[in-house]
Visitor: 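One structure is given below, represented as structure tokens, and several questions about it will come after.
Chain letters run A, B, ... following the sequence lines, proteins first and then strands; every chain starts at 1.
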There are 2 protein chains.
Amino acid sequence: MDEAFLHDCLFFTTNRLGRLITKIAEEEFASTGFSPMYAYLTRLVASSPGISQKELAEKLAIAPSTLTRFVDKLEMKQMVERRVQGKTVLVYPTDRGADMVETFREASNRLQERYEAVLGKDAADHLTTLLEESSDALERKH
Amino acid sequence: MDEAFLHDCLFFTTNRLGRLITKIAEEEFASTGFSPMYAYLTRLVASSPGISQKELAEKLAIAPSTLTRFVDKLEMKQMVERRVQGKTVLVYPTDRGADMVETFREASNRLQERYEAVLGKDAADHLTTLLEESSDALERKH
DNA sequence: ATATTTTAGTTGTACATGCAACTAATTGGC
DNA sequence: GCCAATTAGTTGCATGTACAACTAAAATAT
């Protein structure tokens, strides 16, 4: 059958891997009680207390509306706090949020070990670098 | 700020590129009236009339439930037809579906040209191959 | 100083996607 | 031949994600 068009398409192959690795990531983060993106958001906030939502959305490469809802949820679970400052919203970690950072780091490490065990460390690094560079290029040259 | 953990994480970098390229793909397919995944599903059905939903889900690397809903929508728009055969469902292209295949192929080509213009043809090919191989490896060694 | 434009954030809505639980059909063991 | 186990598909629900339209604040132009 003619299905080469799928395997040759960057849209398809990227999202296929995205679905696979998201599943693995969710497994490794399950014990933390948070999804990987929430964990990463918490880590960003903890490492830059008072960071604005705009910056967070940029760093996480998600739409502002998506970020609003993520922060809503983390605030409800008392992981972060909002402080409105004019038209911007500054986000701070709570004690609970700060306490979780180490747990999240451990889950990240387990995730990394897990895919490196399958792909090999060098191949995984190489792929990650290429993905990062490609995203940067596509964002720049829109 | 300490944000290396994002750029070093295959989960994050893959999904970031996924979001970017999905947006571009949706732009290029917009004129067809269908999202890229629906177009690809139609192409698979047209190139294998009578293919089962199970096979379609496998080839598209999506969950069976997701495929059910995609086929629902394509059937409503009279792009494909279901024929139940025992416990399996065979999917056939309608005339309209078959007629759209060329339009979808053109959109795929525009998409490919567009990201190759930014990334370079060789780099895009290389990345696509790596993504494909990595997905295969992760699926096998789960 | 006021009016216009830009910027940050939120909310409503839509869609892709998956999991768990379910139904129905087939297969395999005895 | 019947019962158990497997398989294919569907449905209900939850979640991540985006866009468009909106509000409110800040910056800019006149």
Visitor: Considering just the side-chain nitrogens and oxygens of A:Tyr38, establish if one lies under 4.0 Å of OP1 or OP2 belonging to D:dG16.
Guide: yes

Visitor: Looking at A:Arg16 and B:Asp136, is any side-chain nitrogen of the basic one under 4.0 Å from a carboxylate oxygen of the acidic one?
Guide: yes

Visitor: Hey, does A:Thr22 reach any base, or is it just sugar-phosphate, or nothing, if we go heavy atoms under 4.0 Å?
Guide: nothing

Visitor: With sugar-phosphate meaning primed atoms plus P, OP1 and OP2, does B:Arg19 contact a base, only sugar-phosphate, or nothing at under 4.0 Å between heavy atoms?
Guide: sugar-phosphate

Visitor: Could you tell me whether the phosphate oxygens of D:dG16, OP1 or OP2, come under 4.0 Å of any side-chain nitrogen or oxygen in A:Ser35?
Guide: yes

Visitor: Without decimals, in angstroms, what is the distance between A:Asp72 CG and C:dG12 P?
Guide: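 About 11 Å, once rounded to whole Å.
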
Visitor: Does B:Thr66 make a side-chain N or O approach to OP1 or OP2 of C:dT17 shorter than 4.0 Å?
Guide: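 B:Thr66 to C:dT17 OP1/OP2: no side-chain N or O under 4.0 Å.
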
Visitor: Rounded to whole angstroms, how far apart are OH on B:Tyr40 and P on C:dA16?
Guide: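 Answer to the nearest Å: 15 Å.
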
Visitor: Check the distance between C:dA8's C1' and A:Ile62's CD1 and give it to me in whole angstrom.
Guide: 15 Å

Visitor: Rounded to the Å, how far apart are A:Met37 CE and C:dT17 P?
Guide: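 About 17 Å, once rounded to whole Å.
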
Visitor: Between A:Lys77 and A:Asp72, does at least one N-O distance fall below 4.0 Å, as a salt bridge requires?
Guide: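 No.
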
Visitor: Count the heavy atoms belonging to other residues, nucleotides or ligands that lie under 6.0 Å from CD of A:Glu102, then report whether that count exceeds 12.
Guide: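 Yes, enclosed.
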
Visitor: If you draw the axis of the six-membered ring of A:Tyr92, does the NZ or CZ of A:Arg83 fall within 45° of it and under 6.0 Å from the ring centre?
Guide: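 Satisfied, under 6.0 Å and within 45°.
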
Visitor: Are B:Val101 and B:Leu60 connected in the hydrophobic side-chain network, where two residues link if heavy atoms are under 4.5 Å apart?
Guide: no

Visitor: Would you kindly give the CD-to-P distance between A:Gln53 and C:dT11, to the nearest whole Å?
Guide: 11 Å

Visitor: Applying ring-ring contact (aromatic ring centres under 6.0 Å, His included), name anything that partners B:Tyr40, two or more places apart in sequence or on another chain.
Guide: A:Phe5, B:Phe29

Visitor: Tell whether B:Ser65 reaches the base of C:dC19 with its side chain through a donor-acceptor pair below 3.5 angstrom.
Guide: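 Looking at the base of C:dC19, it does pair with a donor or acceptor on the side chain of B:Ser65 (distance under 3.5 Å).
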
Visitor: If you assign each of A:Asn15 and A:Arg69 to its closest nucleotide in DNA chain C, which residue comes earlier from the 5' end?
Guide: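 Counting from the 5' end, the first nearest nucleotide belongs to A:Arg69.
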
Visitor: In whole angstrom, what separates B:Glu58's CD from D:dT7's P?
Guide: 12 Å

Visitor: Kindly list each side-chain donor-acceptor pair under 3.5 angstrom involving residues 118-128 of chain A, sequence neighbours excluded, with atom names and distances?
Guide:
| residue | atom | partner | partner atom | Å |
| --- | --- | --- | --- | --- |
| A:Lys121 | NZ | A:Asp125 | OD2 | 3.3 |
| A:Thr128 | OG1 | A:Ala124 | O | 2.7 |

Visitor: Just call it for B:Leu67: base, sugar-phosphate, or nothing, with non-hydrogen atoms closer than 4.0 Å on any strand.
Guide: nothing

Visitor: Select from B:Glu26 and A:Leu90 the residue whose nearest nucleotide in DNA chain C is closer to the 5' end of that strand.
Guide: A:Leu90

Visitor: Find the distance A:Phe11:CZ to C:dA16:C1' and express it as a whole number of Å.
Guide: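 It works out to 10 Å between those atoms.
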
Visitor: Any side-chain N or O of B:Arg16 less than 4.0 Å from the OP1 or OP2 oxygen of D:dG16?
Guide: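 It does not, given that no N or O in the side chain of B:Arg16 lies less than 4.0 Å from OP1 or OP2 of D:dG16.
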
Visitor: Please state how far atom CD in A:Glu27 lies from atom C1' in C:dC19, giving the value in whole angstrom units.
Guide: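 From A:Glu27 CD to C:dC19 C1': 12 Å.
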
Visitor: Polar atom pairs between nucleotides 23-26 of chain D and protein, under 3.5 Å, N or O only, would you list them?
Guide:
| residue | atom | partner | partner atom | Å |
| --- | --- | --- | --- | --- |
| D:dA25 | O3' | A:Lys87 | N | 3.3 |

Visitor: Taking donor-acceptor contacts at under 3.5 Å, does the side chain of B:Arg83 reach the base of D:dG9?
Guide: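 No pair found.
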
Visitor: Does the side chain of B:Val89 come within less than 4.5 Å of B:Thr68's, by heavy atoms?
Guide: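 Side chain of B:Thr68 against side chain of B:Val89, heavy atoms only: no contact under 4.5 Å found.
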
